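Contents: one structure, followed by commentary.
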Amino acid sequence: MMTRRFWLRCLERILVLCPSQQQRPRLGHLSLKVEFPLSVSSTEAQYEIQSGFVSRPTHANTSWDSAKFEVSGHKWAHLGEPNFGVGLLSKSKYGFSAKHNCLTLSLLRSTKAPDGNADMDDHVIEYAVYPHDGPLYASRIVQHAINFNHPLLHHSTPHDKITPRHKPTINPARLINKTSLRVSSEEVIVQAIKKGEDGKGLVVRLYEPYGNTVSKVSLSHDLLRQAFSINAVERESSKTVMPTNGNEVGPLKFRPF
């Protein structure tokens with residue numbers, strides 16, 4: 001079964017695979033891929049990694065290029081020219097490849113080692129195609145991929161089920177505004193908000209995803225009183241006091257990865 005829908009300039013496809021008990025023994029050692037031939041000419045494709053991306057050739061001019069027939073990517077792959085491009089967004093599938101003008105996503109592999117029953121069950125596979133204008137750094141593909149993998153969830157409660165004890169005493173819009181973390185630049189991504197390993201305060205991880213220099217970025221929160229810059233493993237010796245202005249931290253500068 002296949003479902004298609006459009007959202008936020010993306011074409012999303014939901015593929016449901018339900019092999020019968022008779023078909024499953026014959027599915028071993030088979031690979032299922034989906035390909036997208038595009039009107040794009042580029043010698044390199046980009047694949048997301050943690051806090052950035054890597055570029056790999058779309059040709060096989062050398063034996064080294066031939067060995068890169070598939071690339072491990074997180075949430076997206078991209079093929080583009082200077083003034084436009086196309087992204088392939090994936091949810092829980094990480095094998096991408098690009099050959100000339102064709103973007104490919106590996107859906108199933110059905111290997112027999114170390115698990116003899118790999119990919120033998122039912123599957124719901126979601127992926128999307130995202131065309132855009134302009135270069136990669138102006139495409140907002142990272143934001144779209146995050147929204148695709150982590151959609152906003154909502155829950156509604158019938159009005160007659162709300163007791164006086166549960167009725168809000170503050171306007172929800174004001175509550176969200178007071179408790180939300182705000183970043184001044186859309187070029188910077190909030191990767192995580194977590195409790196510090198020492199149990200003190202919150203750790204906010206930010207990164208610039210396109211390999212650009214971004215300056216004069218500020219971070220604000222109504223409950224912010226003091227901020228430190230620390231390294232990736234949160235060592236106490238790496239703490240550096242950051243300049244604050246009331247409930248705002250900055251300016252921050254991000255360098256290319």
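Since the model is a prediction, treat every value here as computed from it, not as a measurement.
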_Please check this pair: side chain of Ser220 against backbone of Glu248, looking for a donor-acceptor N/O pair closer than 3.5 Å._
no
*How about Ser51 and Gln191: does a side-chain donor come under 3.5 Å of a side-chain acceptor?*
yes
_Looking at every heavy atom in both Asp65 and Ala60, which two are closest together, and how far apart are they?_
CB-CA, 3.7 Å
_Crowding at CZ, Phe69 (>12 non-hydrogen neighbours, <6.0 Å)_ = no
_Heavy-atom closest contact (Cys102 atom, Pro37 atom, distance)_ = SG-N, 4.0 Å
*Going from NZ on Lys75 to CZ on Phe96, what distance comes out if it is rounded to the nearest 0.5 angstrom?*
10.0 Å
*Looking at side-chain heavy atoms only, is the closest gap between Phe254 and Thr213 below 4.5 Å?*
no
*Taking the side chain as every heavy atom from C-beta outward, state whether Tyr94 and Tyr47 have any pair of such atoms under 4.5 Å apart.*
no
*Heavy-atom closest contact (Ser184 atom, Lys216 atom, distance)*: OG-O, 4.0 Å
_Return the CD to CG distance between Glu187 and Asn212, rounded to the nearest 0.5 Å._
6.5 Å
*Sub-4.5 Å side-chain heavy-atom contact between Trp76 and Leu88*: no
*Under 6.0 Å from the NZ atom of Lys33, do we count more than 12 heavy atoms belonging to anything else shown?*
yes
*Considering residues, nucleotides and ligands other than Lys99, do more than 12 of their heavy atoms fall under 6.0 Å from its NZ?*
no
_Please verify the inter-ring angle class for His78 with His132; under 30° counts as parallel, over 60° as perpendicular, anything in between as tilted._
parallel
*With no hydrogens and no angle check, do the side chains of Glu70 and Ser106 hold a donor and an acceptor under 3.5 Å apart?*
yes
*asked:* For Phe257, I'd like to know if atom CZ has over 12 heavy atoms of other residues, nucleotides or ligands within 6.0 Å.
replied: yes
*Sub-3.5 Å donor-acceptor pair from the side chain of Asn101 to the main-chain atoms of Leu38, do we have one?*
yes
*Are any of the side-chain heavy atoms of Ile193 and Arg205 separated by less than 4.5 Å?*
no
_Phe53 vs Val142, test: side-chain contact (heavy atoms from CB on, under 4.5 Å). Steps then yes/no._
CA-CA 10 Å; Phe53 65 87; Val142 175; over 6 Å; no
*Is there a donor-acceptor pair closer than 3.5 Å between any side-chain N or O of Lys93 and the backbone N or O of Leu107?*
yes
*Would you say Val203 and Glu234 make side-chain contact, with heavy atoms under 4.5 Å?*
yes
*Is any side-chain heavy atom of Arg140 less than 4.5 Å from a side-chain heavy atom of Glu186?*
yes
*Does the side-chain contact (heavy atoms from CB on, under 4.5 Å) test come out yes or no for Phe84 and Val40, once each step is laid out?*
CA-CA 8 Å; Phe84 75 99; Val40 179; 3.6 Å; yes
_Is the positively charged end of Lys91 above the ring of Phe148, judged by distance under 6.0 angstrom from the centroid and angle within 45° of the axis?_
yes
*Under a 4.5 Å cut-off applied to non-hydrogen side-chain atoms, are Leu89 and Ile141 in contact?*
yes
_Glu208 side chain reached by Lys253 side chain, heavy atoms, under 4.5 Å_ = no
*asked:* Checking His74 against Glu48: is there a side-chain donor and acceptor pair closer than 3.5 Å?
replied: no
*side-chain contact (heavy atoms from CB on, under 4.5 Å) evaluation trace for His221 with Leu181*: CA-CA 5 Å; His221 191 285; Leu181 183 72; 4.1 Å; yes
*In Å and rounded to the nearest 0.5 Å, what is the CG to CZ distance from Leu103 to Phe36?*
8.5 Å
*Taking every non-hydrogen atom, the tightest pair across Pro209 and Ile189*: CG-CG1, 3.8 Å
*Separation between OG of Ser90 and CG of Leu105, rounded to the nearest 0.5 Å*: 4.5 Å
*List the steps and the verdict of side-chain contact (heavy atoms from CB on, under 4.5 Å) for Tyr127 and Val34.*
CA-CA 10 Å; Tyr127 50 90; Val34 59; 3.7 Å; yes
*Donor-acceptor under 3.5 Å (Glu44 side chain, Thr58 main chain)*: no
